[in-house]
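Okay, structure first, notes after.
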Amino acid sequence: MPYIDYQFYTDEFKGVSLSEDAFNNLVGRASDLIDQVTNYKIETIGFDNLYPAFQQRVKKATAAQVEFMHVNGGVVAMQSSDASNVSIGKFSYASGGSNKGITKSISDSALAYLKGTGLLYRGVVTCG
């Protein structure tokens with residue numbers, strides 16, 4: 001479920017210019033990444049059950065993620081990297097390990113919006 005619509009992205013967040021079609025292609029994946037980084041807590045709790053301030057932060061985090069993905073080449077660019085072979089002068093490195101193709105897929109700005117919401121907490125909650 002996308003956490004924002006095109007109107008929020010353009011009018012409230014005021015993200016970089018992109019068409020509504022481009023936005024629609026990215027917003028679902030951006031929302032999925034927000035769910036992944038929050039360990040699916042938003043799905044478990046329910047978006048409407050979050051404090052209004054936290055709902056706003058999730059929306060801004062999603063918008064920041066859409067913008068990040070758009071600026072960095074879209075969904076396909078987030079999934080692969082072409083930096084598997086590097087040469088500098090006489091030094092050459094060719095990766096053949098399992099790290100091949102890994103790139104940064106989550107925006108630092110999106111993570112910053114989610115800080116302080118408790119949604120990034122990875123520990124165990126116990127009841128006394």
Side-chain angles (χ1 to χ4, degrees):
M1 170 191 114
Y3 293 119
I4 60 171
D5 57 18
Y6 187 68
Q7 183 177 358
F8 178 89
Y9 179 81
T10 57
D11 296 347
E12 289 188 50
F13 185 74
K14 301 194 185 305
V16 296
S17 181
L18 72 157
S19 70
E20 191 166 357
D21 285 339
F23 171 83
N24 290 332
N25 288 332
L26 296 172
V27 70
R29 185 66 58 94
S31 297
D32 289 346
L33 285 169
I34 297 301
D35 283 335
Q36 289 172 14
V37 79
T38 60
N39 204 26
Y40 301 94
K41 288 179 185 159
I42 301 166
E43 283 184 0
T44 303
I45 297 167
F47 181 79
D48 293 334
N49 294 328
L50 295 173
Y51 292 119
F54 291 178
Q55 289 178 10
Q56 192 68 11
R57 288 184 185 184
V58 168
K59 288 179 178 183
K60 287 182 178 182
T62 305
Q65 185 63 32
V66 167
E67 183 175 68
F68 177 78
M69 293 169 72
H70 176 69
V71 169
N72 288 292
V75 174
V76 174
M78 300 284 94
Q79 294 174 343
S80 65
S81 173
D82 211 8
S84 58
N85 297 317
V86 178
S87 296
I88 302 174
K90 293 182 180 180
F91 174 79
S92 181
Y93 173 79
S95 72
S98 61
N99 291 348
K100 188 174 181 181
I102 294 177
T103 61
K104 179 180 172 162
S105 59
I106 192 77
S107 161
D108 288 337
S109 183
L111 291 174
Y113 281 119
L114 294 171
K115 261 186 194 173
T117 63
L119 296 170
L120 298 176
Y121 179 67
R122 298 274 187 202
V124 178
V125 178
T126 60
C127 297

Problem set entry | Check against side chain to side chain contact (heavy atoms under 4.5 Å, CB included), Gln36 and Leu33 | CA-CA 5 Å; Gln36 289 172 14; Leu33 285 169; 3.5 Å; yes
Seminar exercise, completed: Output for pair (Ser19 OG, His70 NE2), nearest 0.5 Å, gives 8.0 Å
For this session: Working to the nearest 0.5 Å, report the span between CD of Glu67 and CG of Leu18.
Result: 9.0 Å
Seminar exercise, completed: Between the CG atom in Leu50 and the OG1 atom in Thr117, the distance rounded to the nearest 0.5 Å is 8.0 Å
Exercise. Closest heavy-atom contact between Leu120 and Leu111?
Worked result: CD1-O, 3.9 Å
For this session: With rounding to the nearest 0.5 Å, note down the distance linking CZ in Arg29 to CD in Gln65.
Result: 11.0 Å
For this session: Drop me the distance from Tyr113's OH to Leu119's CG, to the nearest 0.5 angstrom.
Result: 15.5 Å
Problem set entry | Heavy-atom closest contact (Pro2 atom, Ser31 atom, distance) | CA-OG, 3.2 Å
Problem set entry | Passing candidate, ring-ring contact (aromatic ring centres under 6.0 Å, His included) with Phe47, options Phe54, Tyr40, Tyr3 | Tyr3
Problem set entry | Point-to-point distance, once rounded to the nearest 0.5 Å, from CG of Asp48 to CD of Gln55 | 6.0 Å
Exercise. Taking it one step at a time, do Ile34 and Leu114 satisfy side chain to side chain contact (heavy atoms under 4.5 Å, CB included)?
Worked result: CA-CA 9 Å; Ile34 297 301; Leu114 294 171; 4.2 Å; yes
Exercise. Where does the angle between the aromatic ring planes of Tyr9 and Phe23 fall among parallel (under 30°), tilted (30 to 60°) and perpendicular (over 60°)?
Worked result: tilted
Problem set entry | Full working for side chain to side chain contact (heavy atoms under 4.5 Å, CB included) between Tyr121 and Lys41 | CA-CA 10 Å; Tyr121 179 67; Lys41 288 179 185 159; 3.7 Å; yes
Exercise. Hey, are the side chains of Gln56 and Tyr51 touching, using non-hydrogen atoms and a 4.5 Å cut-off?
Worked result: no
Problem set entry | Closest approach of Ser109 to Ala64 (non-hydrogen atoms, all atoms of both residues) | OG-CB, 3.8 Å
